[in-house]
Amino acid sequence: MFRELGHVVTCVDIDVAKVSALESGEVPIYEEGLPELLARHRGKRLHFSADLLSAVRVAEAIFIAVGTPQSPSGEADLSYVEASVREIATELKEYKVVVEKSTVPVLTNQWIRRTLRFSGAREENFDVISNPEFLREGTAIEDFLYLTGLLSALILNVRVPWRGASTSR
């Protein structure tokens, strides 16, 4: 959907078969308008990859959207978030915005910030923001492109303007 707004987008998944399916035009989920949206942008400014580090190197914003299954105690299992954050930290050589998009407990962005620092990222090279869920299943594309007073991002402690705000590139 960010591609629809003029951005270059790389979707990363560790499942190589899923990446291959997306590259060949398969759409693994139902979302009205998604097949047409992917077909319009695939291979132009929309790419699919299993190489997280290469994608991080060229990104201005990195969205973490991974599963957070419920543990037996009922808490969110953040192990996939943590694995992603630790890997992302190794490539934060210049300023990036890290966007926590997964369903997580309150204050997870502070935990992500600490994990990035403890994993070697320099604090001046990133900010962490939360992008709470606001999309309805089956109408996510319409909800995203035509916001009707919905909150799209909660920005916390961002020190410099995000360079990705312009779509004129």
Side-chain angles (χ1 to χ4, degrees), residues 1-70 76-92 94-104 108-109 112 126-155 161-169:
M1 288 182 275
F2 283 103
R3 170 52 209 116
E4 190 73 2
L5 300 174
H7 298 281
V8 175
V9 175
T10 302
C11 301
V12 177
D13 198 299
I14 61 172
D15 184 340
V16 176
K18 190 182 293 182
V19 171
S20 294
L22 287 163
E23 286 176 328
S24 68
E26 293 179 41
V27 182
I29 60 170
Y30 171 76
E31 183 62 47
E32 188 175 325
L34 186 58
E36 297 81 9
L37 187 69
L38 294 179
R40 186 166 52 249
H41 300 296
R42 184 182 300 104
K44 298 173 188 142
R45 293 175 65 119
L46 173 63
H47 309 280
F48 301 97
S49 175
D51 186 351
L52 176 61
L53 298 182
S54 291
V56 167
R57 280 183 212 114
V58 299
E60 292 181 8
I62 303 154
F63 282 73
I64 301 172
V66 297
T68 53
Q70 196 174 52
D77 175 356
L78 300 178
S79 59
Y80 298 125
V81 175
E82 183 174 5
S84 298
V85 168
R86 289 183 183 280
E87 195 168 354
I88 289 165
T90 67
E91 285 301 324
L92 289 179
E94 60 184 13
Y95 182 78
K96 315 271 183 190
V97 176
V98 178
V99 183
E100 171 273 303
K101 181 66 181 145
S102 298
T103 303
V104 295
T108 298
N109 61 343
I112 290 172
F126 67 89
D127 276 300
V128 178
I129 66 172
S130 294
N131 184 225
E133 188 63 54
F134 67 92
L135 305 175
R136 299 171 293 158
E137 191 172 326
T139 62
I141 293 171
E142 183 178 338
D143 290 348
F144 182 86
L145 294 175
Y146 308 104
L147 292 174
T148 56
L150 297 172
L151 176 66
S152 64
L154 174 62
I155 301 176
W162 176 36
R163 296 180 307 270
S166 169
T167 59
S168 60
R169 285 183 275 145

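Bear in mind the structure is a predicted one, so any value in this text is a computation, not a measurement. This chain uses plain numbering: 1 for the first residue, then up along the sequence.
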What closest approach, in Å, do [X] and [Y] show between heavy atoms, and which atom pair accounts for it?
X     : Y     : answer
Gly67 : Tyr80 : O-CD1, 3.2 Å
Ser84 : Ile64 : CB-CG2, 4.3 Å
Ala59 : Lys96 : O-NZ, 2.6 Å
Val19 : Ser49 : CG2-O, 3.5 Å
Val56 : Glu91 : CG1-CB, 3.6 Å

Pairs involving residues 8-21, ordered by first then second residue, that meet salt bridge (Lys or Arg N to Asp or Glu O under 4.0 Å) (sequence neighbours left out) =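 Residue pairs with at least one partner in residues 8-21: Asp13-Lys18.
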
Q. So Asp127 and Tyr95, side-chain contact (heavy atoms from CB on, under 4.5 Å) or not? Walk me through it.
A. CA-CA 8 Å; Asp127 276 300; Tyr95 182 78; 2.6 Å; yes

| said: Is any side-chain heavy atom of Leu78 closer than 4.5 Å to one of Thr68? | reply: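 Yes, side chains in contact.
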
Supply the atom-to-atom distance [X] [atom1] to [Y] [atom2], rounded to the nearest 0.5 angstrom.
X     : Y      : atom1 : atom2 : result
Thr10 : Leu46  : OG1   : CG    : 8.0 Å
Ile62 : Phe126 : CD1   : CZ    : 10.5 Å
Glu23 : Cys11  : CD    : SG    : 10.5 Å

Report task. Using a cut-off of 6.0 Å, state whether more than 12 heavy atoms not belonging to Ile14 lie near its atom CD1. Result ->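 Check fails, neighbour count at 12 or below.
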
(Q) For Val58 and Val8: C-alpha separation, side-chain torsions, deciding distance, then whether side-chain contact (heavy atoms from CB on, under 4.5 Å) applies. (A) CA-CA 10 Å; Val58 299; Val8 175; over 6 Å; no

- Task: Under the side chain to side chain contact (heavy atoms under 4.5 Å, CB included) rule, collect the residues that match up with Ser54, sequence neighbours excluded.
- Result: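 Testing Ser54 for side chain to side chain contact (heavy atoms under 4.5 Å, CB included), a comparison that skips the adjacent residues, returns Asp51, Arg57.
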
Go through it in stages, so that I can follow the logic: the residues are Glu82 and Arg86, the test is salt bridge (Lys or Arg N to Asp or Glu O under 4.0 Å), and I'd like the CA-CA distance, side-chain angles, deciding distance and then a yes or no. CA-CA 6 Å; Glu82 183 174 5; Arg86 289 183 183 280; 2.7 Å; yes

Review point. Could you go step by step and tell me if Phe48 and Leu38 meet the side-chain contact (heavy atoms from CB on, under 4.5 Å) rule?
Key: CA-CA 11 Å; Phe48 301 97; Leu38 294 179; 4.2 Å; yes

